[in-house]
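Some notes on the structure that comes next.
Because only heavy atoms are used, hydrogens play no part in the values below, and waters and symmetry mates are left out as well, while side chains stay in.
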Amino acid sequence: GFYSSEACDLLRGMAYALNKRQKSFPGIELLLHDSQGTIPGAVRTTISLLNQDITLLIGELEGNESAAVAGLSAQAKTPLIVPVATENGIAAISGIIFQANSDLETRGNKLAEYAFQNLGLRTFAILAPADNYGHALADAFSNKVDELGGTIIAQQWYYPGTQDFKNQLNAIREAGFRYAFRDSLIARGLKVTPGRIDSIFHAADRATIRGTEEHEGLIKTNDIPVNSIDGIFLPIYEEDLDYVAPQLALANINAQLLGGSYWQNGDILRKQRRYINGVVFVSGNYIPETDYNYKIFVNDFRMVTS
């Protein structure tokens, strides 16, 4: 299958763990069936394994295949460990299904909780890819923000391959200004209505056009910062970071950056550090390569599995 090399790495890890635990847990046997990375293959091999006297299933790597295996495992009342899939709802299929990697809902919830409770952020904007990954993280994040009493001011989407994020960032800027005008009405003790917010916005826009040499309005004049958004959540892919980071800085939105799992790329973070310094992002794992215990583990793993 497409992830055959990752599957082989996982198998090596299980073989290593079994080797290290054999004295403590004798009699454990590891049975290997190849699903070939397809749903029919996963179903076929799962049925074959369940027809044997097994105690536990481990697999698959991908979400759809994992869900199919989970359904069969739950029906047979055989526990299943899903090692890496992050799709929501797989563990919910049964109480004997366990995802070793946190799902996207959990990650979005935890990041929102941290932003609200630890960072003290209350207003948010979201820019996310318009796919299952983006929707899952954005929905989980916004639901938790709503639950905690925060506010999602703006939510924008983009499609794969997008390199120009001007429209999305301008929409977030406009939403930020409109929210600030809403607060100004509340501060004056005036009733907040869409008409009043529109009136203030258009007056400010006309004043900005008259006051700038380029005769640009409030949204396009990036010299005017947006200060009403406390945090902006960007569950974007690593290949999008090179485009989003400088354009976001140019958009002059003064907000704490919050990222998703694909921000964990040291090379890209270093490359874009002038634009994204201080970002807080969520991830399912972290490998401390400079840690002494990690180095000991790596050396031992190589000796056992080489």
Side-chain angles (χ1 to χ4, degrees), residues 2-3 5-7 9-10 13 59-67 81-92 97-119 121 124-145 152 155-162 165 168 231-245 247-248 255-273 275-291 294:
F2 185 78
Y3 293 105
S5 61
E6 289 84 353
D9 288 340
L10 178 64
E60 247 269 1
L61 296 191
E62 295 189 81
N64 290 335
E65 287 84 345
S66 296
I81 294 177
V82 180
V84 297
T86 59
E87 280 77 0
N88 296 333
I90 296 176
I97 311 299
F98 305 95
Q99 285 180 259
N101 202 2
S102 58
D103 61 26
L104 298 179
E105 182 177 7
T106 299
R107 296 183 192 186
N109 285 342
K110 290 299 180 183
L111 182 62
E113 193 174 89
Y114 182 84
F116 191 93
Q117 296 180 347
N118 295 72
L119 302 180
L121 311 183
F124 301 88
I126 300 173
L127 173 62
D131 57 16
N132 291 337
Y133 169 80
H135 280 285
L137 267 179
D139 289 349
F141 183 89
S142 58
N143 289 340
K144 178 56 72 170
V145 167
I152 303 295
Q155 191 160 320
Q156 290 291 311
W157 307 94
Y158 68 91
Y159 292 100
T162 298
F165 294 87
Q168 290 89 341
I232 181 165
F233 180 37
L234 304 162
I236 61 179
Y237 296 108
E238 57 186 31
E239 60 266 25
D240 299 325
L241 269 168
D242 285 337
Y243 301 105
V244 173
Q247 292 180 51
L248 180 62
Q256 167 68 51
L257 298 187
L258 305 167
S261 305
Y262 290 99
W263 284 72
Q264 190 168 311
N265 183 311
D267 293 336
I268 293 179
L269 290 176
R270 281 188 290 272
K271 181 180 177 182
Q272 300 296 340
R273 63 183 177 272
Y275 302 122
I276 60 174
N277 189 34
V279 64
V280 174
F281 60 89
V282 65
S283 180
N285 60 78
Y286 171 66
I287 301 175
E289 296 183 0
T290 58
D291 186 84
Y294 174 77

Item to complete: Kindly write out the residues that satisfy side chain to side chain contact (heavy atoms under 4.5 Å, CB included) with A255, not counting sequence neighbours, or none if the list is empty.
Response: I229, I232, I253
Discussion item. If you define the side chain from C-beta out and look only at heavy atoms, does anything of R273 sit under 4.5 Å from N277?
Written reply: no
Discussion item. Show the nearest heavy-atom pair for residues W157 and A138, with the distance to one decimal.
Written reply: CH2-CB, 3.7 Å
Worksheet item: Pairs in or reaching into residues 124-143: which pass side chain to side chain donor-acceptor pair (under 3.5 Å), with residues at least two apart or in two chains?
Response: D131-Y237
Discussion item. So for atom CG, which belongs to N118, do other residues, nucleotides or ligands contribute more than 12 heavy atoms lying within a distance under 6.0 Å?
Written reply: yes
Worksheet item: Where do L121 and G231 come nearest, in terms of heavy atoms and distance?
Response: CD1-CA, 4.0 Å
Response to the item:
Residue set satisfying side chain to side chain donor-acceptor pair (under 3.5 Å) with N101, at least two apart, ordered chain then number -> R107
Practice prompt. Report the C-alpha distance between I268 and W263 in whole Å, list the side-chain angles of each, state the deciding distance to 0.1 Å, and finish with yes or no for side-chain contact (heavy atoms from CB on, under 4.5 Å).
Written response: CA-CA 8 Å; I268 293 179; W263 284 72; over 6 Å; no
Discussion item. If you apply the rule side-chain contact (heavy atoms from CB on, under 4.5 Å), what do you find for D240 with T162, and how did you get there?
Written reply: CA-CA 8 Å; D240 299 325; T162 298; over 6 Å; no
Which pairs of donor and acceptor atoms, one on a side chain in residues 109-116, lie under 3.5 Å apart (sequence neighbours left out)?
from: N109; atom 1: ND2; to: E105; atom 2: O; distance (Å): 3.3

Practice prompt. Just jot down the side chain to side chain contact (heavy atoms under 4.5 Å, CB included) partners of A136, sequence neighbours excluded, or say none.
Written response: N88, L104
Worksheet item: For the residue pair A85 and S66, what are the closest heavy atoms and their distance?
Response: CB-OG, 3.9 Å
Item to complete: Give a yes or no answer on whether the side chain of Q99 reaches the backbone of V82 with a donor-acceptor pair at less than 3.5 Å.
Response: no
Worksheet item: What are the two closest non-hydrogen atoms of D103 and G89, and how far apart are they?
Response: OD2-N, 4.4 Å
Item to complete: List in chain and number order the residues that pass ring pair (Phe, Tyr, Trp, His ring centres under 6.0 Å) with F233, two or more places apart in sequence or in another chain; answer none if no residue qualifies.
Response: F141
Fill in: Under the side chain to side chain contact (heavy atoms under 4.5 Å, CB included) test, residues paired with Q168 that sit two or more places apart
L127, Q156, Y158, F165
Worksheet item: Looking at CD of E60 and OH of Y3, how far apart are the two atoms once the value is rounded to the nearest 0.5 Å?
Response: 11.0 Å
Discussion item. Using side-chain contact (heavy atoms from CB on, under 4.5 Å), reason through Y294 and I287 one step at a time and then give a plain yes or no.
Written reply: CA-CA 8 Å; Y294 174 77; I287 301 175; 3.3 Å; yes
Worksheet item: What closest approach, in Å, do Y262 and I236 show between heavy atoms, and which atom pair accounts for it?
Response: CB-O, 3.5 Å
Fill in: Which residues share a side chain to side chain donor-acceptor pair (under 3.5 Å) with E238, sequence neighbours left out
N265
Item to complete: For residues L234 and L258, determine if any side-chain heavy atom of one lies less than 4.5 Å from a side-chain heavy atom of the other.
Response: no
Item to complete: Identify the two heavy atoms, one from G63 and one from I90, that lie closest to each other, and give their separation to 0.1 Å.
Response: O-CD1, 3.8 Å
Worksheet entry | Pairing residues for F2 by the side chain to side chain contact (heavy atoms under 4.5 Å, CB included) criterion, not counting sequence neighbours | none
Worksheet item: Which salt bridge (Lys or Arg N to Asp or Glu O under 4.0 Å) pairs, counting each pair once, include a residue from residues 263-272, with sequence neighbours left out?
Response: D242-K271, D267-R270
Worksheet item: Could you walk me through whether V244 and Q247 pass the side-chain contact (heavy atoms from CB on, under 4.5 Å) check?
Response: CA-CA 5 Å; V244 173; Q247 292 180 51; 6.0 Å; no
Worksheet entry | Pairing residues for Q264 by the side chain to side chain donor-acceptor pair (under 3.5 Å) criterion, not counting sequence neighbours | S283
Practice prompt. Please tell me if the side chains of L269 and F281 come closer than 4.5 Å, counting only heavy atoms from C-beta onward.
Written response: yes
